[in-house]
Amino acid sequence: QYQHGDPLYPPRAVSFLVGPSPTQLYPASPVYPCRLTDAAQVFALDRAAPPGGFLRVRLHGKMQKQWEDMQFYTAIRYVSAHGDALPAHQLPLLHRA
């Protein structure tokens with residue numbers, strides 16, 4: 001074990017952007033506070049967010065110091081996204097909007 005006490009390094013908060021490309025992303029959520037836990041945390045995207053194949057997770061702030069150097073760090077072990085595919089007949093409408 002590298003660090004005494006199994007420390008956790010979540011961000012203070014997260015927010016999400018979605019869009020059709022990595023350079024064309026739009027806000028898709030409020031800024032959600034994070035808990036100091038290693039349990040899964042679930043955050044919902046705004047139903048009015050534009051559909052897209054790209055998701056960016058923004059990490060806001062740092063919550064925990066590392067004892068060895070007293071520096072703040074953020075560490076994320078796993079990110080997963082779940083959603084529904086759009087029906088094929090709706091895709092041409094997106095490109096016109």
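Note that the numbering runs from 1 along the sequence shown for the chain. Only this structure's heavy atoms are used, side chains among them; waters, hydrogens and symmetry mates stay out. Keep in mind that this is a model prediction, so the values were computed, not measured.
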Donor-acceptor under 3.5 Å (Gln41 side chain, Arg35 main chain):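 Yes; at least one donor-acceptor contact below 3.5 Å.
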Heavy-atom donor-acceptor pair, Arg12 side chain to Lys62 backbone, under 3.5 Å: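 Looks like yes, one N/O pair under 3.5 Å.
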Where [X] and [Y] come nearest, the two heavy atoms and their spacing:
X	Y	result
Pro11	Ile76	CD-CD1, 3.7 Å
Cys34	Val14	SG-CG1, 3.7 Å
Pro27	Leu17	N-CD2, 4.0 Å
Tyr26	Gly19	CD1-CA, 4.5 Å

Contacts of Phe72 that satisfy ring-ring contact (aromatic ring centres under 6.0 Å, His included) - sequence neighbours left out: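 Per chain and number, Phe72 pairs via ring-ring contact (aromatic ring centres under 6.0 Å, His included) with no residue.
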Mutual orientation of the aromatic rings belonging to Tyr73 and Tyr9 [parallel < 30°, tilted 30-60°, perpendicular > 60°]: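 Judged by the thresholds at 30° and 60°, the geometry between Tyr73 and Tyr9 is perpendicular.
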In one Ile/Leu/Val/Met/Phe/Trp/Tyr side-chain cluster, 4.5 Å: Val18, Leu59: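 Yes; Leu59 is reachable from Val18 via cluster members.
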Cluster link Val57 to Val42, ILVMFWY, side chain under 4.5 Å: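 Val57 and Val42: separate clusters.
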Connected-component partners of Tyr78 among ILVMFWY, side-chain separation under 4.5 Å: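 Besides Tyr78, the hydrophobic cluster comprises nothing; the residue is isolated.
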Side-chain heavy atoms of Phe43 within contact of Pro30, under 4.5 Å: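 A side-chain contact under 4.5 Å is absent here.
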